[in-house]
2 protein chains.
Amino acid sequence: MLAIERRRLIAESVRSRGVVSVAEMAEALGTTEITLRRDLRVMAKEGLLVRTHGGAVQPMGLGHEPSYHEKSGQAAGEKAAIARLAFSMVRPGDSILLGPGTTTLALARLLVNSPELTVVTNSLLVAQALMEAPRVEVILTGGALRRSIHALVGPAAEESVRALRASQTFISGNGFSAERGLSTPSPLVAATDRALASAAQQVVVLADHTKIGQETMCQTVPAARIHTLITDSRADPNELAAIRETGVEVRVADVGEHEQSSRAAR
Amino acid sequence: MLAIERRRLIAESVRSRGVVSVAEMAEALGTTEITLRRDLRVMAKEGLLVRTHGGAVQPMGLGHEPSYHEKSGQAAGEKAAIARLAFSMVRPGDSILLGPGTTTLALARLLVNSPELTVVTNSLLVAQALMEAPRVEVILTGGALRRSIHALVGPAAEESVRALRASQTFISGNGFSAERGLSTPSPLVAATDRALASAAQQVVVLADHTKIGQETMCQTVPAARIHTLITDSRADPNELAAIRETGVEVRVADVGEHEQSSRAAR
DNA sequence: TCGCTATTGATTGAAAATGATCGATACGCT
DNA sequence: AGCGTATCGATCATTTTCAATCAATAGCGA
């Protein structure tokens with residue numbers, strides 16, 4: 001096996017799995033750990049990976065953001081189930097909008113192998129996830145970077161979606177109630193989400209049970225403008241009933257037994 | 001077997017498999033490794049493949065562009081020196097534009113502790129780097145995601161910078177010559193870079209020595225529209241003189257002794 | 001046939017890559 | 001904190017690969 005070929009495989013492994021171990025790779029590539037260590041050292045110097053004890057990890061820049069990831073561990077199983085249900089509503093050839101949030105991010109990760117799709121988003125994390133999706137056309141809105149949610153907001157963001165029209169918008173938020181609809185704590189984010197919502201024929205809200213019945217400061221979209229809410233089975237049934245009253249179609253995602261949210265974030 | 005025939009088979013093998021090994025091909029073609037090496041040397045000089053130890057690989061640029069990871073290691077010390085010089089040109093309170101590229105990314109990393117700055121960029125990596133810069137306002141252009149360079153391009157990107165006006169633009173490219181100015185292989189990228197350049201009073205090009213004198217397909221900005229070129233001390237002096245003739249201010253960054261990049265590009 | 005040239009094969013010393021050993025260091029566990 | 005284990009880096013030996021030079025062969029025209 002050629003050295004360059006070996007390194008290409010290592011790079012690929014790092015990109016796809018995030019981490020590699022020296023022993024494991026040496027075994028897989030049929031070489032010794034010494035050689036592999038040398039490869040890793042060279043590749044680390046080139047910035048292709050970051051060396052750690054016993055292996056190497058993906059350099060920060062592609063892949064997973066830790067601070068944001070802590071949050072995504074909460075109700076991870078539920079979020080994944082919601083994302084799967086939302087995924088089933090996407091048809092090949094569609095143009096869809098994705099807002100920021102851990103649940104929409106989970107949806108984006110499911111879209112990686114999807115064929116022929118156009119995704120418009122203001123979330124850097126969604127864009128990052130779809131970097132791996134060769135057949136998905138990704139369009140980012142412009143806008144000012146809001147660090148806390150890794151998303152683009154502000155007038156520029158709203159302006160750039162004004163010209164667009166998509167079949168569906170998938171957005172999330174911090175609270176959803178029958179009375180107030182979808183809400184978030186930040187006026188800037190709310191305004192941008194509102195722009196996303198108004199650019200699509202169908203507005204789908206992804207909100208796990210921790211958000212149902214919650215109300216936060218700024219209304220994003222009133223319930224009347226929302227077509228579908230996808231949540232999970234631990235949401236308060238009374239509130240869901242009230243939401244249905246307002247004309248929103250409520251769909252409840254089934255959480256597989258193996259992915260209860262009791263599990264800690266990795 | 002004719003030499004032409006043999007080389008055609010080699011080229012085909014490289015194209016289809018990405019890599020060939022000397023021993024393997026010699027076996028397959030029924031010739032000796034010496035002859036095969038000679039073939040590879042000639043073909044490498046013609047740019048049909050890139051020679052490596054033990055074999056050869058597909059030239060990056062045809063099959064797939066060099067993923068930015070691969071490029072980021074080349075001339076790393078020089079790039080850092082160029083970035084430092086560019087950094088000294090940025091004044092607090094400025095609004096600047098940053099294009100995509102490993103050198104502009106290095107500049108962005110230096111800006112992390114900079115106070116009171118507005119940065120407009122179409123590079124996701126620059127945005128990511130500035131995520132850590134609490135006092136830098138980051139604005140992303142919109143646009144279609146170009147995966148190979150992790151940047152936003154296309155009409156939407158150009159449109160979103162049209163309304164902006166900054167004091168300086170820092171852009172990079174794949175080639176810079178006195179005759180052709182700044183150039184890149186992709187028309188889409190070139191158009192977007194051009195839009196960035198036209199939005200600022202001062203256009204600064206960051207290009208390490210490997211790009212000086214090179215010409216690629218699409219002209220981004222003619223030399224006449226460029227105010228300053230920052231490069232490193234290994235650049236061809238004759239070409240730099242010719243560039244100065246066109247009225248471009250050429251500044252040469254000093255590479256610290258500890259960060260030579262003697263390693264050849266692979 | 002003769003002479004010329006281009007291509008191929010062989011040899012050799014140098015360079016690179018690989019593998020192994022050993023002391024030093026870091027990590028995990030109690 | 002202390003100890004055992006795993007990992008790391010450096011150095012040296014071995015193998016592989018490379019480039020340069022020289023010899024041999026085949027093709028070609030006069």
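By convention in this document, chain letters (A, B, ...) are assigned in the order of the sequence lines, proteins followed by strands, and residues within each chain are numbered from 1.
Between Arg17(B) and Glu24(B), at least one side-chain nitrogen of the basic residue sits less than 4.0 Å from a carboxylate oxygen of the acidic one, meeting the salt-bridge criterion.
When rounded to the nearest whole Å, the span between CG of Leu36(B) and C1' of dC18(D) equals 13 Å. Atom CG in Leu40(B) sits about 8 Å away from atom P in dC18(D), given to the nearest Å. Between the CZ atom of Arg51(A) and the C1' atom of dG9(D) there is a distance of 10 Å, given to the nearest Å. Look at CD1 on Ile4(A): it is 15 Å from C1' on dT17(D), rounded to the nearest Å. Spacing between atom CD of Glu33(A) and atom P of dG9(D) amounts to 13 Å, rounded to whole angstrom units.
Test Thr103(A), Leu107(A), Asp208(A), Leu206(A) against Ile230(A) for side chain to side chain contact (heavy atoms under 4.5 Å, CB included) and you get one pass: Leu206(A).
Panel note: side chain Thr121(A), backbone Leu98(A); a donor-acceptor pair is recorded below 3.5 Å. Distance alone, capped at 3.5 Å, is enough to place a donor-acceptor pair between the Gln219(B) side chain and the Arg180(B) backbone.
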What N/O pairs connect the protein and nucleotides 14-22 of chain C at under 3.5 Å? Give each pair on its own line.
from	atom 1	to	atom 2	distance (Å)
dT18(C)	OP1	Arg6(A)	NH1	2.8
dT18(C)	OP1	Arg6(A)	NH2	2.9
dT18(C)	OP2	Arg6(A)	NH2	3.2
dG19(C)	OP2	Thr31(A)	OG1	3.1
dG19(C)	OP2	Thr32(A)	OG1	3.0
dG19(C)	OP2	Thr35(A)	OG1	2.3
dG19(C)	N7	Arg38(A)	NH2	2.5

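Every residue two or more places apart in sequence or in another chain that forms a side-chain contact (heavy atoms from CB on, under 4.5 Å) with Leu110(A) is listed here: Ala83(A), Arg84(A), Phe87(A). Partners of Ala44(B) under the side-chain contact (heavy atoms from CB on, under 4.5 Å) rule, at least two apart in sequence or in another chain, are Leu49(B), Arg51(B).
Using a 4.0 Å heavy-atom distance criterion, Thr52(A) is classed as a sugar-phosphate-only contact.
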